[in-house]
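What follows is a set of notes on a single structure, which appears directly below.
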Amino acid sequence: PYPSPMVQESERWIEIDLQAQKVRVYEGITLVNEYEAGTGANQDPQTTTYRGIFEITSKYKGPVETAPGVYVTNVLEFDPEHGNGIHSLPMDKDGNILDERLGQPVTAGCVRVGEVTRVYDFAYLGMTVWVH
């Protein structure tokens, strides 16, 4: 169920399963953990989580303002062409969660994860990200 031969036997990588709304982290073919996620709201180009094989191109703790008054942390960018990445639930400037929804397509294309710190700590620059 993984992007073979894109990953080596012991290589860590991330799977984003759009149908299941899950982010899974692997070491080779071994599933390390699975997290509930929220992905792009629909097929509009502005709100789509694009399918494909990507790699993490930047990694930063944040917080970063993604829309007026909306902040996210633990950002892992993997699709710079479309501005998509993995990050925290959206919050206000004081860290209060604005939208807790997971397990459904609800974002503008990014992948939100409630336990994003675990994914962030697992990830490294250049890591393979498979979105399907």
Do [X] and [Y] share a hydrophobic cluster, counting only Ile, Leu, Val, Met, Phe, Trp and Tyr and linking them when any side-chain heavy atoms are less than 4.5 Å apart?
X: Tyr50; Y: Val75; result: no
X: Val23; Y: Tyr26; result: no
X: Leu18; Y: Val129; result: yes
X: Leu125; Y: Val119; result: yes
X: Val106; Y: Val72; result: no

What are the two closest heavy atoms between [X] and [Y], and how far apart are they?
X: Pro90; Y: Val70; result: CB-CG1, 3.7 Å
X: Cys110; Y: Gly83; result: SG-O, 3.6 Å
X: Ile14; Y: Ala123; result: CD1-CB, 4.3 Å
X: Ala37; Y: Val111; result: CB-CG1, 4.0 Å
X: Arg24; Y: Asp17; result: NH1-OD2, 3.0 Å

Handout entry: Under the side-chain contact (heavy atoms from CB on, under 4.5 Å) test, residues paired with Leu102 that sit two or more places apart
Key = Glu36, Leu89, Arg112
Handout entry: side-chain contact (heavy atoms from CB on, under 4.5 Å) partners of Tyr124, counting only residues at least two apart
Key = Glu11, Arg12, Met127
Exercise for the section: Assess whether atom NZ of Lys61 is packed by more than 12 heavy atoms of other residues, nucleotides or ligands within 6.0 Å. Expected result: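 Result for NZ/Lys61: enclosed.
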Would you give the length of the straight line joining atom [atom1] of [X] to atom [atom2] of [Y], rounded to the nearest 0.5 angstrom?
X: Ile86; Y: Ile56; atom1: CD1; atom2: CD1; result: 6.0 Å
X: Phe54; Y: Trp13; atom1: CZ; atom2: CH2; result: 14.5 Å
X: Asn84; Y: Ile16; atom1: CG; atom2: CD1; result: 9.0 Å
X: Phe78; Y: Trp130; atom1: CZ; atom2: CH2; result: 14.0 Å
X: Thr48; Y: Asn42; atom1: OG1; atom2: CG; result: 6.0 Å
X: Ser88; Y: Ile97; atom1: OG; atom2: CD1; result: 6.5 Å

Problem - Listed partners of Tyr60 passing ring pair (Phe, Tyr, Trp, His ring centres under 6.0 Å), at least two apart - result: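 Expected list: none.
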Side-chain donor/acceptor of [X] to backbone N/O of [Y], under 3.5 Å:
X: Asp44; Y: Gln46; answer: yes
X: Lys59; Y: Tyr120; answer: yes
X: Thr49; Y: Gly40; answer: yes

Exercise for the section: Only pairs at least two apart or in different chains count here, so list each salt bridge (charged side-chain N to carboxylate O under 4.0 Å, His left out) that has a residue in residues 62-88. Expected result: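 Non-adjacent pairs meeting salt bridge (charged side-chain N to carboxylate O under 4.0 Å, His left out): zero.
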Handout entry: Residue pairs involving residues 115-132 (criterion salt bridge (charged side-chain N to carboxylate O under 4.0 Å, His left out); sequence neighbours excluded)
Key =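 Sorted result for residues 115-132: Glu115-Arg118.
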Handout entry: Contacts of type salt bridge (charged side-chain N to carboxylate O under 4.0 Å, His left out), residue Asp92, not counting sequence neighbours
Key =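 Asp92 satisfies salt bridge (charged side-chain N to carboxylate O under 4.0 Å, His left out) with no residue once adjacent residues are dropped.
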Exercise for the section: Determine the sole option in Glu15, Arg51, Gln19 for which the side-chain hydrogen bond (donor to acceptor under 3.5 Å, both in side chains) test with His132 is passed. Expected result: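 Among Glu15, Arg51, Gln19, the one that satisfies the side-chain hydrogen bond (donor to acceptor under 3.5 Å, both in side chains) with His132 is Glu15.
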